[in-house]
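The structure appears below as structure tokens.
All chains are named by letter (A, B, ...) in the order of the sequence lines, taking the proteins before the strands, and each is independently numbered beginning at 1.
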Amino acid sequence: MKNRKPIIDGRDLVKIYQMGEFEVRALDGASIQVQEGEFVAIMGPSGSGKSTLMNLLGCLMSPTSGEYFLDGEDVSDLDQVELAQIRNQKLGFIFQSYNLLARTPALQNVILPLFYNRTSRLTDEEQQDKATNMLDAVGLGDRIYHEPQELSGGQQQRVSIARALVNDPVMVLADEPTGNLDSKSGAELMELLVSLNKQGTTIVMVTHDPAIAEYTNRTIHLLDGKVEREVKNGKEHK
Amino acid sequence: MKPIKVIKIAWLALLKSKIRSLLTMLGIIIGVAAVIIMIAISAGTEATIQEQITGLGSNLIYVSASFGRAGPGSDFNSGGLVYDDAFAIADQINGVAGVVVEQSSTQSIKAGDISLDSVTIMGTTADFPSVRDMEITSGRYFTQEEIDRTTSIAVLGSSLAEELFGDQDPFGETITVGGNIRLTVVGVFDEKGMVGDVDYDSRLYTPITIVLEKLTNNQFSRFMGDRVRLIYVEVDESVGSEGERTLDDVIYQIELLLAKRHDVTLDEPDFTITTQQDIITTQESTTAAFRSLLAWVAGVSLIVGGIGIMNIMLVSVTERTREIGIRQSVGATPNDIRWQFLTEALLLSLIGGLIGVTVGVIGSWVFGEASGMRTVIVASSVLLAFGSAATVGIFFGFYPANQAAQLDPIEALRYE
């Protein structure tokens with residue numbers, strides 16, 4: 001677990017929203033590093049800037065100032081098209097509300113990122129195989145043709161994990177992944193994320209639940225748009 | 001991204017809401033079908049009119065009398081055409097193939113046991129069959145000599161012959177006209193059909209001298225003398241071709257001749273000359289106006305259809321904001337999103353266009369059968385309608401597609 005390359009290297013990240021005449025400094029000089037293979041939780045009270053940080057790290061927006069290197073590449077000042085391609089090839093997203101395409105089979109949902117992948121040109125068959133394997137890996141091999149409304153919350157979230165992993169991203173970003181799940185499904189899901197992390201997937205997760213954060217290696221606490229403190233988590237599952 | 005995939009994605013999206021897709025297409029379907037049916041109707045009308053006009057005989061000049069130029073009670077004898085004018089034109093004008101004078105009278109007729117009221121007795125001249133494109137099926141037509149001698153003979157229209165004599169050969173039979181004029185049948189015309197609103201087949205044809213001298217009311221006859229209303233002049237086919245005199249030359253010659261005979265000036269003639277082309281031109285401009293009116297109506301319905309597509313696409317973009325956000329989060333670029341929605345709009349209008357073409361072609365036929373009006377499906381109208389549907393799809397799909405492409409991924413993902 002040493003000498004790994006940094007996946008996230010964010011320096012003095014500032015994000016200012018213009019709300020009419022007022023400026024809201026959602027992020028006010030936050031610096032954050034995540035190494036390859038880490039499982040990091042980001043916590044903080046509402047308004048602390050964790051959603052903004054998540055959107056920045058997820059390349060859904062650019063910082064007002066500061067530098068963000070993702071997997072060694074400066075992504076602080078890219079346009080919409082370039083950001084979309086970074087999201088496609090380097091990132092996977094897990095959302096609180098799963099965000100699967102409605103009335104679309106699990107398999108098609110997982111194929112979606114492959115569909116927009118411009119660098120690796122897989123045939124339809126290869127795409128299907130890869131997506132099927134991903135669904136197998138998250139324990140849904142027998143439900144690949146089920147549509148989201150036919151799946152439980154925990155199953156839907158696992159489809160979204162398969163989708164997040166299908167393009168072999170350098171990092172998975174999870175935004176309150178257990179927020180809509182009961183405690184049992186939530187725990188199962190965290191076990192799955194931990195095991196994925198053990199297989200080498202770098203995961204950054206936003207949560208407000210300290211018990212969920214305990215699953216990770218390290219927790220970054222945000223307050224008023226700045227990093228307040230970082231805590232190493234001792235709890236190691238299995 | 002491969003176009004085929006974009007089309008597939010769009011197709012699947014449309015299939016997810018079949019009823020809505022169908023309703024959206026309805027505007028385009030109606031618009032396209034309307035264009036095709038309207039143009040089919042006006043093309044059918046135009047073809048019918050053309051046929052009627054050519055059915056009158058081609059290369060015709062109509063010389064008509066301007067009665068009453070001097071007003072009633074004044075020196076009436078100075079106005080109008082006389083029978084002899086026709087012979088003057090035939091004899092003295094180069095380029096005239098035939099001249100026909102017609103004078104009709106409505107009479108009751110009787111043949112054997114059968115009596116008919118109100119039959120049109122057409123007094124006419126020797127060139128009538130050639131100028132009017134009428135053919136004799138049995139017997140013969142009358143000669144100039146018989147006309148000059150006021151011979152009591154008749155040629156029957158096909159339906160009149162059948163009405164009076166059935167399957168029997170009417171040759172040599174006697175027909176009593178107006179109670180006391182007895183005419184001997186010498187021939188029957190072939191079926192001609194309706195030309196304009198004139199039924200040539202139900203008429204009785206006889207030398208014009210019979211009508212002028214025997215069938216015209218005595219008082220009127222004395223008053224009118226041998227005046228005629230209309231002289232038909234058939235122009236020789238060589239007129240208008242290279243090196244020959246033009247139609248205008250022939251008309252001018254006739255004008256000079258008649259002005260001299262009637263002792264009037266060309267500035268104030270007592271006759272009017274109209275050509276077949278004048279009539280065709282009038283008819284054409286009428287049908288063209290009719291057609292462009294129909295085309296506008298149909299065009300407007302296409303635009304309304306397009307607005308329908310835009311409306312639904314805008315609703316669809318709003319409704320599928322979340323979907324757009326998801327696609328953006330996994331790497332769809334603004335262009336990917338734009339193409340997806342543009343393709344949906346295009347598919348809607350193209351499929352709608354295809355259905356519209358089908359409905360239009362079938363509808364034209366059904367309308368023609370049901371109304372008895374003639375409809376002619378014009379290939380270019382099908383292409384035009386289909387092309388406009390596609391254009392409408394692109395035009396009205398562009399704005400919603402752009403709205404979708406410009407969505408902010410964060411906002412879109414947060415949208416409930």
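Per-residue heavy-atom pair counts under 4.5 Å with chain B were compared for A:L101, A:D124, A:L91, and the maximum is reached by A:L101. The residue among B:G325, B:P409, B:G331 with the most heavy atom pairs within less than 4.5 Å of chain A is B:G331.
Under the 4.0 Å criterion applied to side-chain N and carboxylate O atoms, B:E319 and B:R20 are assigned as salt-bridge partners. A salt bridge links A:K130 with A:D168; the closest basic N to acidic carboxylate O contact falls under 4.0 Å. Under the 4.0 Å criterion applied to side-chain N and carboxylate O atoms, B:K5 and B:D336 are not assigned as salt-bridge partners.
Heavy atoms closer than 4.5 Å to chain B are found in the backbone of A:L100, but not in its side chain. For B:I9, the part sitting under 4.5 Å from any heavy atom of chain A is the side chain, from C-beta outward, and nothing else. For A:A164, no part lies under 4.5 angstrom from a heavy atom of chain B.
In the model, B:R322 has a side-chain atom that pairs as donor or acceptor with a side-chain atom of A:S97 under 3.5 Å. A donor-acceptor contact closer than 3.5 angstrom is absent between the side chains of B:N335 and B:T333.
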